[in-house]
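Because the structure is a prediction, the values reported are computed rather than measured. Quick note on labels: first sequence line is chain A, next is B, and so on, each numbered from 1.
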2 protein chains.
Amino acid sequence: MDLANDELLKLDNEVGFALYACSKGLIRKYNPVLERLGLTYTSYLAMLALWEQDGISVSELGKKLYLDSGTLTPLLKKMEKQGLLQRRRDREDERIVLIALTPKGRDLQAKTERTVSALNNTLRLLRESSLFSDLKRLLGELYEI
Amino acid sequence: MDLANDELLKLDNEVGFALYACSKGLIRKYNPVLERLGLTYTSYLAMLALWEQDGISVSELGKKLYLDSGTLTPLLKKMEKQGLLQRRRDREDERIVLIALTPKGRDLQAKTERTVSALNNTLRLLRESSLFSDLKRLLGELYEI
DNA sequence: TGCTATTCTATTGTACACAATTATTTTGTG
DNA sequence: CACAAAATAATTGTGTACAATAGAATAGCA
């Protein structure tokens, strides 16, 4: 697909728009389901990261999720209020805030697994297609441009 | 890729996360460039849609962009203030608000074409790969699930 | 040891998104 | 025609995103 000048600015030719609309569409599917768990899509992603690796710092979590402190600080405070995790300064280095799941936060994993399995089934085909690996490759490339 | 239960909730296996992170990453690349045009990513998309088809209603624009009035109304008011477009009620049907580009809005197209061409080149490979058509297909499927 | 640069989190300000609700207008039907 | 239903924007409330800045703590170095 090599575009002439007058085709360059068409909405349907925008890779970014396809990504943007797909991403929002999927989040719209997830959010009502996650609501039953008391989670939003963003807090769901944060929990996924923490279930994999508990006790990490805000900046480490930010690297995993590609989010900065401007997003994470209020999000984590809200999740702390919900009783899912605790935040505390590292004693060795007072600049760092470490995140630790509470028992309630850990226990949520099993219920979440059951709850999202329906969505996961819907997305199974996507995960099995080459689209998924292409996306992950794209994500890597985006951060090198 | 058929996932065992303990793999199901891993962040790296989330199709949604790959989409979400890719989309935000790309918008982060676009926004500083678009700023030179006085546009944000969202208003850029709105202008793309309007350059293709001027004089449409808010709801028609919403269908093109997959956005609702809660997002579009304040966005369009801001763009009207910038002098890019005008909003006026349809005389035939007072429920409808029609959007019309101003000369300034139309003139922005040429400059935008030049400005985003660098970004477009970076993304040329993506547009030429199967990823792009896969994404558009996914977008269609998402709205049927 | 001081001093400077760096690291890390928090804050501020701007800009979306979207569900739910409201208000207005039009349409369709008995 | 009257009135219920539908269509259309606007509003409200909540939840992100992120650039830019600030502020505290640490590291590195003359």
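- Heavy-atom nearest nucleotides on DNA chain C were determined for Tyr20(A) and for Ser69(A), and the one closer to the 5' end corresponds to Ser69(A).
- Using a 3.5 Å distance cut-off with no hydrogens or angles, the side chains of Thr115(B) and Thr112(B) do not pair a donor with an acceptor.
- Side-chain proximity of Ile96(A) to dG15(D), dT26(D), dT9(C): nearest is dT9(C).
- Counting to the nearest Å, the P atom of dA17(D) and the NZ atom of Lys24(A) are 12 Å from each other.
- For Tyr30(A) and dA17(C), the OH to P distance is 20 Å, given to the nearest whole Å.
- When atom types are taken as modelled, the side chain of Arg89(B) and the backbone of Arg95(B) share a donor-acceptor pair closer than 3.5 angstrom.
- Formation of a donor-acceptor pair under 3.5 Å by the Asp90(B) side chain with backbone atoms of Val97(B) is not found in this model.
- One interatomic measurement links the two molecules: CG of Leu98(A) to P of dT9(C), which rounds to 8 Å at whole-angstrom precision.
- Of the two residues near DNA chain D, Val97(B) and Ile27(A), the one whose nearest nucleotide lies more 5' is Val97(B).
- In terms of phosphate contacts, Ser59(A) brings no side-chain nitrogen or oxygen within less than 4.0 Å of OP1 or OP2 of dT7(C).
- The separation between Asp68(B) atom CG and dA20(C) atom P is 11 Å, rounded to whole Å.
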Show me the donor-acceptor pairs within less than 3.5 Å that the side chains of residues 69-77 of chain A make with the rest of the protein, sequence neighbours left out.
residue, atom, partner, partner atom, Å
Thr73(A), OG1, Ser69(A), O, 3.0

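- For Thr73(B) and dT11(D), the shortest distance from a side-chain N or O to OP1 or OP2 is not below 4.0 Å.
- Neither OP1 nor OP2 of dG15(D) sits under 4.0 Å from any side-chain N or O of Thr42(A).
- Rounded to an integer number of Å, the gap from CG of Leu67(B) to P of dC16(C) is 10 Å.
- Remark: P of dC16(C) and CZ of Arg28(B) are 16 Å apart, rounded to the nearest angstrom.
- No close placement of the Tyr66(B) and Tyr20(A) rings is indicated, their centers lying 6.0 Å or farther apart.
- Thr71(A) comes within contact range of at least one nucleobase, with a heavy-atom separation under 4.0 Å.
- Between the CZ atom of Arg95(B) and the C1' atom of dA5(D) there is a distance of 11 Å, rounded to whole Å.
- Heavy-atom distances to DNA chain D give each of Tyr41(A) and Glu94(A) a nearest nucleotide, and the one nearer the 5′ end belongs to Tyr41(A).
- There is a side-chain donor-acceptor pair under 3.5 Å between Glu14(B) and Tyr44(A).
- The shortest distance between the side-chain N/O atoms of Ser57(B) and the OP1/OP2 oxygens of dT8(D) is not below 4.0 Å.
- Counting to the nearest Å, the P atom of dA15(C) and the CG atom of Leu39(B) are 12 Å from each other.
- For residues 77-92 of chain A, proximity to DNA chain D is found at Lys78(A), Glu92(A), defined as any non-hydrogen atom under 4.0 angstrom from a strand atom.
- Across all strands shown, Leu75(A) has heavy atoms under 4.0 Å from sugar-phosphate atoms exclusively, and none from any base.
- No side-chain donor from either of Gln82(B) and Lys104(B) sits under 3.5 Å from a side-chain acceptor of the other.
- When all heavy atoms of Pro32(A) and Lys29(A) are compared, the closest pair comes out as CD-O, 3.5 Å.
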